[in-house]
Enquirer: 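Supplied in structure tokens, the structure appears directly below.
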Amino acid sequence: MPLITLPDGSQHRFVAPLTGAALAAAIGPGLARDAIAMKVDGVLMDLSREIDHDAHVVFITRKDPEALELIRHDAAHVLAEAVQTLYPGTQVTIGPTIENGFYYDFARNEPFTLEDLPAIEAKMREIIARNAPFVREVWDRDEAIRFFEAKGEHYKAEIIRDLPETEVITLYRQGEWVDLCRGPHMRSTGDVGTAFKLMKVAGAYWRGDHRNPMLSRIYGTAWRNQAELDAYLHMLAEAERRDHRRIAREMDLFHFQEEAAGSVFWHANGWRLYRTVQAYMRRRLEQAGYQEVHTPQLVDRALWEASGHWEKFREHMFVVQLENENRTLALKPMNCPCHVQIFRQGVRSYRELPLRMAEFGSCHRFEPSGALHGLMRVRGFTQDDAHIFCTEEQISSETVRFVELLRTVYRDFGFAEFRVKFSDRPPVRAGSDAVWDRAEAALSEACTLAGVDYTLNPGEGAFYGPKLEFVLRDAIGRDWQCGTLQVDFVLPERLDAEYVAEDGSRRRPVMLHRAVLGSFERFIGILIEHYAGRFPLWLAPVQAVVATIVADADAYAAEVAAQLRKAGLFVLLDTANEKITAKVRTHSLAHVPVLAVVGRKEAENGTVSLRRLGSERQEVLALEEAVRRLAKEACPPDLHA
RNA sequence: GCCGACGUAGCUCAGCGGUAGAGCAACUGAUUCGUAAUCAGUAGGUCCUCGGUUCAAAUCCGAGCGUCGGCACCA
């Protein structure tokens, strides 16, 4: 005699166990029509499941957030049926939901290509139109294994074998087709609806392990209604519009070419942007008590052996074998060993600690070809790197200082939000548990003092120490890990760094490896996408264009440009024989933030007409006033009075 | 590195066995114009590279390189 409590508090007693569908029908025809699943005491279930005990029941309709998961999960099943109908002999493996959609991995000799998708999607729509109910069946484990083996579904059989003995083995039927699945599902395939789309194909290793066979994955997106699907597709188009590689062409920032895969050719505009970012960082670091150094690119193998990189990082290093001398050098993949060399010059005193050594360190790492991606993943890059040599007691206060620096920098670049991930001791590690206890406590305490919350990444720390990772969120909600702070007990030991303590004894410093931006290349890529090329004035590589309407204004336009340059702006002069509409279009497409238009009127009155990128508003100002305002606006945030 | 797609003028792309094309950009000329494309003309190509098939290859096949989307990797 189950007593059912609904979200509105009402209670209903039934004389016998009943299914969710029956319960919905008992409550009302509207609910019977709209309910696609239910939560029984907080657990999401099929409507076909029987409720035989007192329970709190919440019905799920398409309006609920849970519906997305269900729709995507069921869409994955429909996809699998469609594929197996069209391509007999294809084995199914797994098909989970993901952010924005779902995928299904298939085992097939011939991988799927983009051309296969329209037919598969059409078949999916057929299956959905057929509207076959999802039927849940509980199977005996061994029988299920035999069943799938007999069908030639070896991956499914393997999945069942690996399930814990206690797990109930359930299969779901949709018409003729059946799949191993934990569930829950909606009522029938028709509940998937029509707001879905197959997006792309990709290879993916079975169980994510590169030693396993590669499966053929089909990605799809699915939503509750067409409007949501359209909005998602629109968002993708927006991300495409912001792609830093595309904007780089529009703004003439940089390029890549085959002869230097993974290394950037910075054009004048891009390099100006780079220098602006770097000059800003240099000032911030100086204010924060860092000393800047510069260390060699090419360093003998002996140092990398001593630091441990030769053993642990060899396959990522560019190695140079000298022909004339019997010597092996490597391009540095990191700056830390070189910084320790500077620390080791002379005798260091505890009075010098914390010693904050910064370098805009140009590093090279051999990245696998498939990993390269515009500015975001390159082989040659420059880190805003620094190493803080300090005592164990100073870890906490140095971390607080670092978080403050990072918060300031991110804010200045227009990132309001960031979050922190804390990676603690991994299973295999150097250093005693007591030292790890203290280091982790210091980082944790520092986060509290700095007023930042963190999420824990258990066991994800480096072997040499725990770390914090700083993830910022861009204008369209994507996350980018940029900053990092890593505690290192190992390198000072390996490279024999020491200082003289207050009591005259020799001690090992702790090293904090830290970066705010990560690499300039990647951070600039993020900036480009964050701003979609429409930079605030202080960052814009071309800050203004002075454009003439008639040739009579050429001389005055040159004067305007000269005044703006004198005030420190980077300005181009456009006296081309074009109509002003064409000039507006050209410079708008190049994302120039300020267009200073001058015609006869401005020349006569000593004014300029300012037009901001993306706005049709015009503001006519006296020249000196325009220069004053723009100069102020172009001032980097750290230099404001 | 693995799977798939792609590589044609500076850019965006068409052509898909039979003499390399368009728009924009560039250059020249005309036009002097008030806030997102003025008109006309000219020039511009080892069709990524190397091999193969063919009377004939941008086009078909193979390998390599690169790019893109994923997967793996990111100490």
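Atom set for the values below is all heavy atoms of this structure, side chains included, hydrogens, waters and symmetry mates excluded. Proteins come first, then strands; the chains are lettered A, B, ... in the order of their sequence lines, and each starts at number 1.
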Enquirer: Watson-Crick or G-U wobble partner for B:A25, using a 3.5 Å limit on both distances?
Expert: none
Enquirer: Quick one: is the NZ or CZ of A:R108 closer than 6.0 Å to the six-membered ring centre of A:F112, and within 45° of its axis?
Expert: yes
Enquirer: Please enumerate all protein N or O atoms sitting under 3.5 Å from an N or O of nucleotides 63-66 of chain B, with distances to 0.1 Å.
Expert:
unit_1: B:C65; atom_1: O2'; unit_2: A:E258; atom_2: OE1; d: 3.0

Enquirer: What is the base-pairing partner of B:C16, counting Watson-Crick and G-U wobble geometry with both distances under 3.5 Å?
Expert: none
Enquirer: Who does B:G44 pair with, Watson-Crick or G-U, both distances under 3.5 Å?
Expert: none
Enquirer: Separation of A:W206 atom CH2 from B:G70 atom P, in whole Å?
Expert: 22 Å
Enquirer: With both distances kept under 3.5 Å, what pairs with B:G1, Watson-Crick or G-U wobble?
Expert: B:C71
Enquirer: Both distances under 3.5 Å, Watson-Crick or G-U wobble: report the partner of B:A9, or none.
Expert: none
Enquirer: At a cut-off of 3.5 Å, list every protein nitrogen or oxygen paired with a nitrogen or oxygen from nucleotides 71-73 of chain B, distance to 0.1 Å.
Expert:
unit_1: B:C71; atom_1: O4'; unit_2: A:G203; atom_2: O; d: 3.1
unit_1: B:C71; atom_1: O2'; unit_2: A:Y205; atom_2: N; d: 3.1
unit_1: B:A72; atom_1: O2'; unit_2: A:H210; atom_2: ND1; d: 3.2
unit_1: B:C73; atom_1: O2; unit_2: A:R377; atom_2: NH2; d: 2.8
unit_1: B:C73; atom_1: N3; unit_2: A:R377; atom_2: NH1; d: 3.2
unit_1: B:C73; atom_1: N3; unit_2: A:R377; atom_2: NH2; d: 3.4

Enquirer: If you measure from the C1' atom in B:C6 to the same atom in B:G64, how many Å do you get, rounded?
Expert: 16 Å
Enquirer: Which pairs, protein N/O on one side and nucleotides 58-60 of chain B N/O on the other, fall under 3.5 Å?
Expert:
none

Enquirer: What's touching nucleotides 9-12 of chain B from the protein side, N or O pairs under 3.5 Å?
Expert:
unit_1: B:C11; atom_1: O3'; unit_2: A:R249; atom_2: NE; d: 3.4
unit_1: B:U12; atom_1: OP1; unit_2: A:R249; atom_2: NH2; d: 3.0

Enquirer: Should A:K467 and A:D424 count as an ion pair when the cut-off is N to O under 4.0 Å?
Expert: no
Enquirer: Is it the case that the side chains of A:E311 and A:H309 hold a donor-acceptor pair, with the cut-off being a distance below 3.5 Å and no angle test?
Expert: no
Enquirer: Taking NZ, NE, NH1 and NH2 as the nitrogens, is one of them in A:E493 or A:R508 under 4.0 Å from a carboxylate oxygen of the other?
Expert: yes
Enquirer: What's the gap between B:C48 and B:U59 when it is taken at their P atoms, as a whole Å value?
Expert: 8 Å
Enquirer: Could you tell me whether the side chains of A:T97 and A:E69 share a donor-acceptor contact shorter than 3.5 Å?
Expert: yes
Enquirer: Can A:E619 and A:R611 be counted as an ion pair, charged N to O under 4.0 angstrom?
Expert: no
Enquirer: Between A:R241 and A:E238, is the closest basic N to carboxylate O distance under 4.0 Å?
Expert: yes
Enquirer: What is the pairing partner of B:U53, taking Watson-Crick or G-U wobble pairs with both distances under 3.5 Å in any strand?
Expert: none
Enquirer: When the C1' atoms of B:C24 and B:U32 are compared, how many Å lie between them, rounded to an integer?
Expert: 24 Å
Enquirer: Quick one: is the NZ or CZ of A:K312 closer than 6.0 Å to the six-membered ring centre of A:F463, and within 45° of its axis?
Expert: yes
Enquirer: Could you measure between the two C1' atoms, the one in B:A20 and the one in B:U38, and give it in whole Å?
Expert: 31 Å
Enquirer: Taking only Lys NZ, Arg NE, NH1 and NH2, and the carboxylate oxygens of Asp or Glu, determine whether A:D385 and A:R514 approach each other closer than 4.0 Å.
Expert: no
Enquirer: Give the minimum heavy-atom separation between A:E367 and A:L372, together with the two atoms involved.
Expert: CB-CD2, 4.0 Å
Enquirer: Does A:R245 place a side-chain N or O at less than 4.0 Å from the phosphate oxygens OP1/OP2 of B:G69?
Expert: yes
Enquirer: Using 30° and 60° as the class boundaries, would you call the ring planes of A:F313 and A:H316 parallel, tilted or perpendicular?
Expert: tilted
Enquirer: Nearest heavy-atom pair of A:A76 and A:Y104: which atoms, and what distance?
Expert: O-CD1, 3.3 Å
Enquirer: In residues 104-113 of chain A, which ones come under 4.0 Å of RNA chain B, going by heavy atoms?
Expert: A:P111, A:T113
Enquirer: Is the shortest distance from a Lys or Arg side-chain nitrogen in A:E359 or A:K332 to a carboxylate oxygen in the other one below 4.0 Å?
Expert: yes
Enquirer: Write down the distance between CG (A:L117) and P (B:G70), rounded to a whole number of angstrom.
Expert: 15 Å
Enquirer: Do A:E633 and A:Q543 have a side chain donor and acceptor closer than 3.5 Å?
Expert: no
Enquirer: Please report whether the ring centroid of A:W206 lies less than 6.0 Å from that of A:Y155.
Expert: yes
Enquirer: How is A:G461 classified with respect to the nucleic acid when contacts are heavy atoms under 4.0 Å: base, sugar-phosphate, or nothing?
Expert: nothing
Enquirer: Nearest whole Å is fine: how far is B:U67 C1' from A:D243 CG?
Expert: 12 Å
Enquirer: Expressed as a whole number of angstroms, how long is the span from A:L375:CG to B:C68:P?
Expert: 11 Å
Enquirer: Using purine N1 to pyrimidine N3 plus N6-O4 or O6-N4 for Watson-Crick, or N1-O2 and O6-N3 for G-U wobble, both under 3.5 Å, which nucleotide pairs with B:U59?
Expert: none
Enquirer: Before we go on, tell me: are the rings of A:F254 and A:F265 under 6.0 Å apart, centre to centre?
Expert: no
Enquirer: Once you round it to whole Å, what is the distance between P of B:C74 and NE2 of A:H373?
Expert: 19 Å
Enquirer: Under 6.0 Å from the ring centre and within 45 degrees of the ring axis: does the NZ or CZ of A:R314 meet both conditions for the six-membered ring of A:W304?
Expert: no
Enquirer: Between atom CD in A:E469 and atom C1' in B:C74, what is the gap in whole Å?
Expert: 11 Å
Enquirer: Applying a 3.5 Å limit to both distances, which nucleotide forms a Watson-Crick or G-U wobble pair with B:A30?
Expert: B:U38
Enquirer: What's the gap between B:C55 and B:C50 when it is taken at their P atoms, as a whole Å value?
Expert: 23 Å
Enquirer: When you compare the side chains of A:R207 and A:Y205, does any donor N or O come within less than 3.5 Å of an acceptor on the partner?
Expert: no
Enquirer: Roughly how far apart, to the nearest Å, are B:U42 and B:A5 at atom C1'?
Expert: 38 Å
Enquirer: Expressed in whole Å, how much space separates the P atoms belonging to B:U67 and B:A25?
Expert: 30 Å
Enquirer: What is the distance, to the nearest angstrom, from the CZ atom on A:F256 to the C1' atom on B:G7?
Expert: 17 Å
Enquirer: Could you tell me if A:R379 sits above the aromatic ring of A:F366, with its cationic atom closer than 6.0 Å to the ring centre and no more than 45 degrees from the axis?
Expert: yes
Enquirer: Under 3.5 Å, is there a donor-acceptor pair between the A:H387 and A:N335 side chains?
Expert: no
Enquirer: Separation of A:L215 atom CG from B:G4 atom P, in whole Å?
Expert: 13 Å
Enquirer: Determine the Euclidean distance between corresponding C1' atoms of B:C11 and B:G45; express it in Å to zero decimal places.
Expert: 15 Å
Enquirer: Remember a base hit wins even if backbone is also touched, and classify A:H587 as base, sugar-phosphate or nothing at under 4.0 Å, heavy atoms.
Expert: nothing
Enquirer: Does one side chain, of A:Y464 or A:Q486, offer a donor that lies under 3.5 Å from an acceptor on the other?
Expert: yes
Enquirer: At under 4.0 Å between heavy atoms, how does the protein contact nucleotides 32-46 of chain B? Give one character per nucleotide, 5' to 3', with B, S or -.
Expert: BBBBBBB--------
